[in-house]
Number of protein chains: 2
Amino acid sequence: MKTNKDYSENLKQSGLKITKQRVAILDILDKSKQPIAAEEVYENLKSNNISINLSTVYRTLELLTSKNLVLKVSIDGNSKSLFETNNMMHKHYLICTECKKILDIYYCPLENYEKELEQETHFKISGHRLDIYGLCPQCQKKINGGKNNI
Amino acid sequence: MKTNKDYSENLKQSGLKITKQRVAILDILDKSKQPIAAEEVYENLKSNNISINLSTVYRTLELLTSKNLVLKVSIDGNSKSLFETNNMMHKHYLICTECKKILDIYYCPLENYEKELEQETHFKISGHRLDIYGLCPQCQKKINGGKNNI
DNA sequence: ATGCAAATGCAAATTATTTGCATTTATTAT
DNA sequence: ATAATAAATGCAAATAATTTGCATTTGCAT
């Protein structure tokens with residue numbers, strides 16, 4: 001019985017008008033356990049009988065990303081950009097190469113490394129992106145189910 | 001006076017026919033200090049008076065990537081895929097957010113971390129992707145040249 | 001040299017995303 | 001509440017990157 005967050009406040013604070021489309025999009029993203037593509041947002045809204053245009057979805061996602069209410073994520077091997085609500089936590093992704101499920105990892109192994117790298121390279125490091133790939137436990141079972149391990 | 005590597009052998013070993021287009025593409029990639037887009041490969045070939053079709057470039061890059069002779073790289077904020085010769089070394093990218101230059105980093109700070117993560121998540125980790133963003137020394141100067149530092 | 005599968009060129013298709021413009025809607029001042 | 005207005009939306013068409021179908025050409029084994 002998860003109560004919806006109220007996104008009106010977030011929109012207002014970012015100086016954006018509160019429209020049913022924007023609230024609905026933030027709602028869909030918040031309900032999704034994973035980053036999803038613009039088209040998925042759109043289909044999702046349509047099946048909830050919320051009338052919206054795909055270009056509005058794109059425009060809104062781009063806008064919300066620019067206001068940091070939403071994160072735009074691009075995963076290797078996926079030609080579409082994915083979107084998720086921004087909970088303002090630095091994180092990384094653990095991606096199953098088989099079922100494409102994406103898990104969030106909130107521990108960051110790179111904080112000290114960034115400082116070292118700044119000294120070595122004289123870059124002013126502003127951020128990084130770390131995606132880790134592997135097989136999730138379920139997919140390992142599916143694939144190695146036939147006892148054909150090494 | 002850099003002598004071209006002979007890519008014919010690489011192609012042959014991968015069971016591919018040796019064509020002037022393929023050799024030329026590998027050559028362009030090898031000459032480039034950075035990953036480049038399919039279209040850049042194409043333009044580069046044309047200015048060298050090597051006749052080729054853009055779709056052949058795409059097909060070839062995809063093929064060479066599948067044979068691991070070439071690496072396909074996608075960088076955040078760049079809508080095009082980039083390609084570079086695969087020197088079979090594990091590496092990461094340090095990307096200047098201003099001039100978009102890409103530096104290779106051959107040290108990997110994640111080897112132990114992957115093992116820890118396997119134990120925690122029960123994923124079978126197969127790889128990762130790490131891109132680090134920042135301002136290169138030159139762009140720092142350009143931007144902070146007016147003494148407007150903190 | 002010949003034959004044939006594989007590679008290429010060309011045009012057209014596809015996919016993801018963006019844009020221009022007319023219409024509608026949310027907010028602000030009345 | 002109402003009107004004014006700037007911003008948001010819908011719709012269709014445009015664009016960018018990449019892919020595909022098919023006819024022609026080419027590399028290579030015989």
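So you know, we letter chains A, B, ... as the sequences are listed, proteins then strands, and number each from 1. Source: prediction; values computed, not measured.
Taking atom CG on A:Leu63 and atom C1' on D:dA8, their separation rounds to 10 Å, with Å as the unit. Here C:dT17 presents its P atom at 15 Å from OH of A:Tyr42, a figure rounded to the nearest Å. Whole-Å rounding puts the B:Leu11 CG to D:dT26 P distance at 18 Å. One can place CD1 of A:Ile18 at 12 Å from P of D:dA8, the figure rounded to the nearest angstrom. In this structure, A:Glu62 atom CD and D:dT9 atom P are separated by 14 Å, rounded to whole Å. Taking atom CD1 on A:Ile25 and atom P on D:dA8, their separation rounds to 13 Å, with Å as the unit. When the C1' atom of D:dA17 is taken as reference, atom CG of B:Leu61 falls 13 Å away, rounded to whole Å. The distance from atom CG of B:Leu54 to atom C1' of C:dA11 is 13 Å, rounded to the nearest whole Å.
The hydrophobic cluster containing A:Phe83 also contains A:Ile36, counting ILVMFWY residues as joined when their side-chain heavy atoms lie under 4.5 angstrom apart, directly or transitively.
Residue B:Arg22 places no side-chain atom within donor-acceptor reach of the base of D:dG27, judged by atom type and a 3.5 Å distance cut-off alone.
Dashed line: the shortest gap from a side-chain N or O of A:Ser79 to OP1 or OP2 of D:dT18 is not under 4.0 Å. Here B:Asn53 does not reach the OP1 or OP2 of C:dT8: none of its side-chain N or O atoms lies under 4.0 Å away.
Applying the side chain to side chain donor-acceptor pair (under 3.5 Å) criterion to A:Tyr93, with sequence neighbours excluded, gives A:Glu84.
For the pair A:Thr19 and B:Leu16, both in contact range of DNA chain D, the more 5′-proximal nearest nucleotide belongs to A:Thr19.
Figure legend. C:dA16 is base-paired to D:dT15; pairs are counted as Watson-Crick or G-U wobble with both atom distances under 3.5 Å. Of all nucleotides present, only C:dT25 satisfies the Watson-Crick or G-U wobble test against D:dA6, with each distance under 3.5 Å.
The side chain of B:Gln21 lies closest to C:dT8, out of C:dT8, D:dA8, D:dG10. Relative to the side chain of A:Arg59, the nucleotides D:dT19, C:dG20, D:dC28 differ in distance, and C:dG20 lies closest. Across D:dA8, D:dT18, D:dT9, the shortest atom-to-atom separation from the side chain of B:Tyr58 is found for D:dT18. Distance from the side chain of B:Lys17 is smallest to C:dA5 among C:dC10, C:dT17, C:dA5.
By the 30° and 60° cut-offs, the orientation of the rings of A:Tyr113 relative to B:Tyr107 is tilted.
Counting any heavy atom pair closer than 4.0 Å across all strands shown, B:Ser55 reaches a base atom. Within the nucleic acid shown, A:Lys80 comes within 4.0 Å of sugar-phosphate atoms alone, with no base atom in reach, counting heavy atoms only.
Between B:Leu11 and B:Arg22, the closest heavy-atom pair is CD1-CB, 3.9 Å.
Judged purely by atom type and a 3.5 angstrom limit, A:Gln34 uses its side chain to pair as donor or acceptor with the backbone of A:Ile102.
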